[in-house]
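Let me begin by presenting the structure, written as structure tokens, before commenting on it.
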Amino acid sequence: MHNLLDGLNPRQHAAVTLPHTSALILAGAGCGKTRVLTARIAWLLKNGKASSSQIFAVTFTNKAAKEMLTRLSALLPGMPHAIWVGTFHGLANRLLRSHHQEAGLPRLFQILDSADQLSAIKRLLKSLNADTDRFDAKKVQLFINQQKEQGLRAHHMAADDPWTRKMAEFYAAYDAQCARENVVDFAELLLRSHELLQHHPALREHYQQRFRHILIDEFQDTNRLQYRWLKQFAGSDTALMAVGDDDQSIYAFRGAHSGNMHEFQRDYAGDNLIRLEQNYRSQGNILDAANALISQNSGRMGKNLWTDAGAGEPLYLYAADNDQDEARFIADKAAHLQQQGHLFGEMAILYRSNAQSRILEHTLFSAGIPYRVYGGLRFFDRQEIRHAMAYLRLLVNPDDDNAFLRVVNFPTRGIGARTLELIDAEAQANGSSLWQVARRAAGKPGKGMAGFVQLIEQLQTETELMSLPDTIAHILNASGLAAHYQQEKEGQDRLDNLQELINAASVFLQDNAESAVAPASGSVSESASGSASGSALADFLAHAALEAGHQNEQTNDAVQLMTVHAAKGLEFRTVFLSGLEEGLFPNEQALSGSKGIEEERRLMYVAITRAREHLFLSYAHTRLLHGQTRYGIPSRFLSEIPASLMQSEKTKNNIYQSTKNEFSPKISTSGGSLSGTSRPDTGAFNTASANWRSGMNVRHPKFGLGVIMQLEGRGDDARAQVNFGAVHGVKWLALAYARLEPV
DNA sequence: CATGTCTCCATTTTT
DNA sequence: TGGAGACATG
């Protein structure tokens with residue numbers, strides 16, 4: 001118990017040992033948030049303030065849930081029992097499995113991930129003969145999910161305008177389709193479990209009395225439904241602890257409502273607000289930069305990070321001539337640092353959008369620097385895995401039309417579009433699933449379908465008594481999947497992945513058997529864990545849907561490439577933050593709306609605070625974007641960082657010297673000033689009058705300095721697109737009238 | 001039914 | 001530029 005509190009600073013200590021009240025913990029980046037959260041739980045348990053069954057701890061990602069469990073098991077000798085720790089979706093799933101009847105769900109409902117949901121919607125729109133030009137499936141998906149995240153059902157939609165009416169119609173039809181197919185999407189997990197408690201007071205009270213402590217991580221990322229969902233577990237004697245950082249709210253674009261923090265204060269915490277501001281990660285200059293930047297945002301809850309560590313190195317700004325030059329700079333610097341004893345694995349290259357990774361990868365590859373790109377295809381998203389999973393799903397629930405369609409003719413068995421159309425038409429007419437029609441009609445249309453029906457039914461009986469891994473192995477063989485990939489030229493990887501799926505199933509079984517505290521996604525009944533349902537397969541399917549699976553965590557010593565979003569929660573000794581240009585970061589599409597820029601700034605804040613020792617910032621005057629040369633000017637964020645914290649360097653026209661003297665600052669531009677003097681000769685568009693060229697620096701009497709990005713037309717019609725930077729933005733000007741001067 | 005060609009379109013993303 | 005999806009062809 002001593003070591004539990006050892007090394008906590010006073011604020012952390014206060015948070016961990018808080019009496020039985022609700023509180024909001026405002027936890028800055030790198031201030032020991034997760035540590036406090038887990039220490040709090042351990043402290044409650046060790047001091048008999050609560051039993052493990054009275055704890056309800058919610059995170060966003062499986063990774064965070066796992067980490068919390070791992071840390072808890074380190075702090076507590078025997079792993080606690082019956083504790084509810086998991087993701088929102090995992091816990092919602094657990095609840096719905098326990099009370100599926102009250103929730104109006106079949107015992108073995110399946111979970112649709114986003115891709116499944118999208119194909120379900122496409123199917124739906126087709127069957128409704130919807131005008132897919134006006135009602136594109138992605139839009140419908142977005143609409144439905146947004147409504148669900150607001151807690152709204154189709155019948156709640158205001159039917160004012162025809163568009164909403166139509167959408168509401170789709171929404172209702174979609175829900176009906178899901179019900180028919182026994183499937184539940186992600187948003188539905190939350191909404192359905194929310195309604196479950198809403199409509200069943202006895203159940204609600206049961207949980208409200210049971211959970212004396214509710215703890216929520218990354219609270220700034222919750223959406224409105226999630227907050228309402230949480231509130232239902234809180235009884236009059238429940239203490240809630242919400243941990244979050246409004247400055248790190250970077251998911252508003254997908255519904256996160258950081259205003260929940262204010263509401264939480266009003267609803268529960270009141271004056272119990274603890275700020276964790278001592279940072280254990282970054283050195284002084286880096287923190288100062290972050291603080292200065294984020295202070296530009298309005299409506300913050302307020303926080304100022306500080307550190308015991310010294311100022312450390314200054315930030316380093318590199319103004320590259322073009323994106324290649326920028327990449328080369330980063331590669332050289334990375335190699336240089338490695339020679340100085342840094343590990344490649346301690347370095348990260350961050351960018352705003354994935355498209356930027358290409359050149360970086362290319363350059364690193366050429367330089368022979370090992371790297372790893374995050375955010376690729378995830379395990380359970382792979383085609384071969386999806387196919388295998390579809391067979392598994394059909395065993396549990398043959399009415400799953402998505403799964404049916406995926407593998408009915410894969411590997412090909414002579415079931416063409418014609419047959420499927422017939423089946424589909426009949427299913428529509430009867431309101432039954434494709435499987436049911438197929439089975440009844442198995443004798444009629446062609447022998448293909450009969451074969452498929454027989455295959456599935458045979459598999460069902462054959463695997464009844466098999467273990468999960470054996471079941472999968474058997475299915476791979478019997479369905480012809482394995483043979484199919486064996487024939488394929490480049491099928492070896494896929495076969496390996498399928499083998500990996502079998503292994504994953506074994507691991508899943510082990511995890512579920514040996515501990516009562518597997519992440520909540522794994523367990524079906526409330527009290528007992530493991531496979532109380534008698535279906536390890538169903539549990540495994542839920543697990544697969546809820547946890548897309550991290551890519552194989554290779555611990556190679558490799559530079560890490562990822563978007564700033566993906567870097568949240570991580571830290572690196574050295575961070576290269578690239579592409580700091582107006583339009584890219586801040587991203588021009590994100591700038592619409594007044595709050596857009598603030599979220600971009602928070603994103604920048606997150607990026608800066610990833611760095612422990614070294615932070616390299618860079619931008620390029622010229623960048624190849626969508627196959628066209630774009631001319632950019634430094635991001636406004638650079639001008640929001642005090643110049644005194646930065647060293648800068650510029651190349652002169654495309655000549656980058658990768659020699660030793662690169663650390664010495666040459667030109668001292670505090671970022672953001674439009675003093676770029678380089679005029680790249682590349683990519684000039686020779687459309688307009690000869691006097692003007694893309695990439696030229698110009699001055700406008702009203703808008704000030706800018707860079708010509710594009711030219712169009714000729715003679716009197718000639719127009720130029722000029723980027724005037726942060727204040728005036730990008731404008732089209734008629735060259736005949738605008739009083740533009742070359743600079 | 002597999003494979004090639006064309007057109008369109010380009011943040012960020014977890015569950 | 002390059003990837004995904006829609007269409008057409010062998």
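Every chain is numbered from 1 and lettered A, B, ... according to where its sequence line falls, protein lines coming before strand lines.
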Report yes if some heavy atom in the side chain of Leu481(A) is under 4.5 Å from a heavy atom in the side chain of Glu384(A); otherwise report no. no
For Ser479(A), give me all partners under side-chain hydrogen bond (donor to acceptor under 3.5 Å, both in side chains), at least two apart in sequence or on another chain. none
Contact class for Asn409(A) vs. all strands (heavy atom < 4.0 Å): base, sugar-phosphate, or nothing? sugar-phosphate
Would you please name every residue forming a side-chain contact (heavy atoms from CB on, under 4.5 Å) with Asp424(A), sequence neighbours left out? Gln428(A), Leu434(A)
So the contacted stretch of DNA chain C, first to last nucleotide with an atom under 4.0 Å from a non-hydrogen atom of chain A, runs from dT1(C) to dG3(C)
Applying ring-ring contact (aromatic ring centres under 6.0 Å, His included), can you list everything that pairs with Tyr174(A), at least two apart in sequence or on another chain? none
Taking the basic N atoms (NZ, or NE/NH1/NH2) and the acidic carboxylate oxygens, is any pair closer than 4.0 Å for Arg254(A) and Glu149(A)? no
In chain order, what residues pass the side-chain contact (heavy atoms from CB on, under 4.5 Å) check against Glu588(A), with sequence neighbours excluded? Arg630(A)
Rounded to whole Å, how long is the line connecting atom CG of Leu118(A) with atom P of dT15(B)? 19 Å
Results of ring-ring contact (aromatic ring centres under 6.0 Å, His included) for Phe365(A) - residues two or more places apart only: none
Got a sec, which residues hit ring-ring contact (aromatic ring centres under 6.0 Å, His included) with Tyr351(A), two or more places apart in sequence or on another chain? none
With His565(A) via ring-ring contact (aromatic ring centres under 6.0 Å, His included) - residues at least two apart: Tyr251(A), Phe253(A)
Pick base, sugar-phosphate or nothing for Ile415(A), based on heavy-atom distances below 4.0 Å to the nucleic acid. sugar-phosphate
Going by side-chain contact (heavy atoms from CB on, under 4.5 Å), name the residues that satisfy it together with Arg153(A), two or more places apart in sequence or in a different chain. Lys148(A), His155(A), His156(A), Tyr171(A), Asp175(A), Glu188(A), Leu191(A), Arg192(A), Glu195(A)
Return the set of residues passing side-chain contact (heavy atoms from CB on, under 4.5 Å) with Pro106(A) (not counting sequence neighbours), or none when no residue passes. Phe109(A), Asn182(A)
Write out a two-atom table: protein N or O, nucleotide N or O from nucleotides 8-14 of chain B, distance below 3.5 Å.
{"unit_1": "dT12(B)", "atom_1": "OP1", "unit_2": "Asn354(A)", "atom_2": "N", "d": "2.7"}
{"unit_1": "dT12(B)", "atom_1": "OP1", "unit_2": "Asn354(A)", "atom_2": "OD1", "d": "3.1"}
{"unit_1": "dT12(B)", "atom_1": "O4'", "unit_2": "Arg352(A)", "atom_2": "NH2", "d": "3.1"}
{"unit_1": "dT12(B)", "atom_1": "O2", "unit_2": "Arg352(A)", "atom_2": "NH2", "d": "2.7"}
{"unit_1": "dT13(B)", "atom_1": "OP1", "unit_2": "Thr563(A)", "atom_2": "OG1", "d": "2.7"}
{"unit_1": "dT13(B)", "atom_1": "OP2", "unit_2": "Asn354(A)", "atom_2": "OD1", "d": "3.4"}
{"unit_1": "dT14(B)", "atom_1": "OP2", "unit_2": "Arg378(A)", "atom_2": "NH1", "d": "3.4"}

dT12(B): syn or anti, per glycosidic angle within 90° of 0: anti
When rounded to the nearest Å, what value does the distance between P atoms of dG5(C) and dT12(B) take? 15 Å
Using nucleotides 3-6 of chain B, report all nitrogen or oxygen pairs with the protein that are shorter than 3.5 Å.
none

How far, in whole Å, is dT14(B) from dG3(C) if one measures between their C1' atoms? 23 Å
